[in-house]
There are 2 protein chains.
Amino acid sequence: MPKIIDHHKRKIRIAEATWKVIVDEGIEKASVRKIAQTAGLSVGSLRHYFSSQSELLRFSMELVSDRVIQRLKSREFSEDRDPLEFVTEGVFEVLPIDEERKIEMEVWLAFSAKVLVDSTLSELSNKVYDNMHQGLKNVIHVLQLLQYAKDGLCLELEVNRLHAIVDGMAMHHLLNPEHFTEDEMKQTLIYHLQSLCK
Amino acid sequence: MPKIIDHHKRKIRIAEATWKVIVDEGIEKASVRKIAQTAGLSVGSLRHYFSSQSELLRFSMELVSDRVIQRLKSREFSEDRDPLEFVTEGVFEVLPIDEERKIEMEVWLAFSAKVLVDSTLSELSNKVYDNMHQGLKNVIHVLQLLQYAKDGLCLELEVNRLHAIVDGMAMHHLLNPEHFTEDEMKQTLIYHLQSLCK
DNA sequence: CCTTATTTAATACATTTGTATTAAATAATA
DNA sequence: TATTATTTAATACAAATGTATTAAATAAGG
């Protein structure tokens, strides 16, 4: 019998190498050879886990999606916290506030550009969009249930607005970290969430 | 003497062909050959206008920048309009509300992904960011001067917020036109701007 | 120790790419 | 019309790429 290798873990390692190449040199440089080299594998070896480049890229994109969605769902409400503080912290989770999140967001941005020209990726893109949307809807809804939110807010439009703010700021900070700093990003989010409350 | 050709116009035609290839097939497929074919030129001919691919891509990106900035600046204030309506219409100008604007925005998104890995493009990216930021600052400022805006708004944070909303919604609509429709995008913007006013 | 299913490594090949070169075509001026 | 600066077209070439093939290496079970 052959060497026992955890296939799934190995695939994840390769996907993370793919991320690294994309972040360092851009998605158009993410060739099979370069990814294999970055992962410390031969091309032939890599092809035992991914039989084509597009399969590899798709898996790498799905891994970002999984991580983001996992992060969104892992937060559970604790009763004894200030709700506004709690939800603010929750939204911070999906902003590029540390290296790990910045990498994921950069990779996601690179993939998003691909979604525009590869409709087979739309489903995945929409899945993340819908999850994020639902997560942010909960944020607004919690504030409303607890009577923290101002009266007369339109839930649906508020969710659209918050979602756009989150992704827009994330993009601005990645593209422009010195003009739009991490701190400005955080302050702007706090400002916005406060503006929704009484 | 040779055929007289307006160099600048020809370069713009080539850049627009570049946009078309990027929108149709993605920036990684924007090879010199394909762009030349799309523009109805030979490769050698194209190279008389752009001596390298990166020069061509840069010019194409600058053309997007020029068009957007021109659009931002071409609006002049007219006294006899409802100010809120006027500024709302102004912000619509930078949303992907028609085919021309969608193309520009898609191309810009593709280039933005490149900015992350090519620091020589940052300057141009920042220029557009700064222009947009200034334009949106004027929007908020006008509302404040005319006493339409609520009291106690923080100008700087409001600009960050509006800017993020604009770019975030634009991205959401491009990636997800059926889930986040053009109409939702417009309604959300109107809702936001109204929320800033008394 | 030997067998064997599995993994790895090396190499090959056709295609696409950016760029360069060179000859032909073009059209305004003398 | 003849000249000539400029543009266009065609071809070439090295490098990189996705994919396929085949032999070697590996390690668990008999």
Side-chain angles (χ1 to χ4, degrees), chain A residues 1-62 110-111 113-114 117-118 120-121, chain B residues 1-62 110-111 113-114 117-118 120-121:
Chain A
M1 286 291 168
K3 213 193 290 195
I4 292 297
I5 287 193
D6 185 325
H7 264 241
H8 192 247
K9 278 186 185 162
R10 172 63 60 97
K11 286 178 86 169
I12 286 177
R13 202 182 93 198
I14 295 171
E16 286 174 340
T18 305
W19 293 3
K20 180 165 171 51
V21 175
I22 290 174
V23 168
D24 289 349
E25 310 188 47
I27 198 167
E28 66 275 9
K29 296 283 184 178
S31 65
V32 175
R33 284 169 177 81
K34 191 161 273 171
I35 291 168
Q37 189 188 350
T38 302
L41 297 173
S42 72
V43 175
S45 174
L46 189 150
R47 266 176 67 79
H48 267 84
Y49 299 95
F50 299 101
S51 63
S52 77
Q53 188 192 34
S54 63
E55 191 185 323
L56 166 54
L57 289 180
R58 174 177 289 275
F59 182 88
S60 303
M61 187 172 175
E62 276 169 350
F111 276 121
K114 274 188 104 67
V117 290
D118 180 355
T120 70
L121 295 177
Chain B
M1 285 290 167
K3 212 194 290 193
I4 291 298
I5 288 194
D6 185 323
H7 264 241
H8 192 246
K9 278 187 184 162
R10 172 63 60 97
K11 286 178 85 170
I12 286 177
R13 202 182 93 199
I14 295 171
E16 286 174 340
T18 305
W19 293 2
K20 180 165 172 50
V21 175
I22 290 174
V23 168
D24 290 348
E25 309 188 46
I27 197 167
E28 67 275 7
K29 296 282 185 182
S31 65
V32 175
R33 283 171 177 82
K34 191 161 273 170
I35 293 168
Q37 188 189 348
T38 303
L41 296 173
S42 71
V43 175
S45 173
L46 188 149
R47 266 176 67 79
H48 271 269
Y49 299 96
F50 299 101
S51 61
S52 78
Q53 187 191 34
S54 63
E55 190 184 322
L56 166 55
L57 289 180
R58 174 176 290 276
F59 182 87
S60 302
M61 187 175 177
E62 277 170 349
F111 275 122
K114 273 188 103 66
V117 290
D118 180 354
T120 69
L121 295 176

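Just so we're clear, the structure is a prediction, and the values are computed from it rather than from any experiment. In what follows, every chain begins at residue 1, and chains take the letters A, B, ... in the order their sequences are listed.
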message: What is the distance, to the nearest angstrom, from the CD1 atom on B/I14 to the C1' atom on D/dT8?
response: 12 Å
task: Could you tell me whether the side chain of A/F50 reaches within less than 4.5 Å of the side chain of A/L57, counting heavy atoms only?
output: no
query: A/Y49 near the nucleic acid: base, sugar-phosphate alone, or nothing, with a heavy-atom cut-off under 4.0 Å?
result: sugar-phosphate
- prompt: Which nucleotides of nucleotides 17-22 of chain C have their base under 4.0 Å from a protein heavy atom (B), which only their sugar-phosphate (S), and which neither (-), written as one string 5' to 3'?
  reply: BBBB--
query: Which whole-number value in Å describes the distance from A/I35 CD1 to D/dT17 P?
result: 10 Å
- prompt: Any side-chain N or O of B/H7 less than 4.0 Å from the OP1 or OP2 oxygen of D/dT7?
  reply: yes
task: Could you tell me the separation between the CD atom of B/Q37 and the P atom of C/dT16, rounded to a whole number of Å?
output: 12 Å
query: Taking side chain as C-beta onward, heavy atoms only, is A/R10 less than 4.5 Å from A/D6?
result: no
N/O donor to acceptor pairs below 3.5 angstrom from side-chain atoms of residues 19-28 of chain A, sequence neighbours left out:
unit_1	atom_1	unit_2	atom_2	d
A/W19	NE1	A/S60	O	3.1
A/K20	NZ	A/D24	OD2	2.9
A/E25	OE1	A/K34	NZ	3.1
A/E28	OE2	B/K114	NZ	3.2

field: Residue pair B/V117 / A/K29, side-chain heavy-atom distance below 4.5 Å
entry: no
- line: From CD1 of A/I27 across to P of D/dT17 the rounded distance in Å is 14 Å
- prompt: Just by modelled atom types, is the A/V43 backbone N or O under 3.5 Å from a matching donor or acceptor in the A/R33 side chain?
  reply: no
- request: Round to a whole Å and report the spacing from CG of A/L57 to C1' of D/dT17.
  value: 13 Å
- prompt: So which pairs with a foot in residues 42-56 of chain B pass salt bridge (Lys or Arg N to Asp or Glu O under 4.0 Å), sequence neighbours left out?
  reply: none
field: Interatomic distance where CG belongs to B/L41 and P belongs to C/dA25 [whole Å]
entry: 19 Å
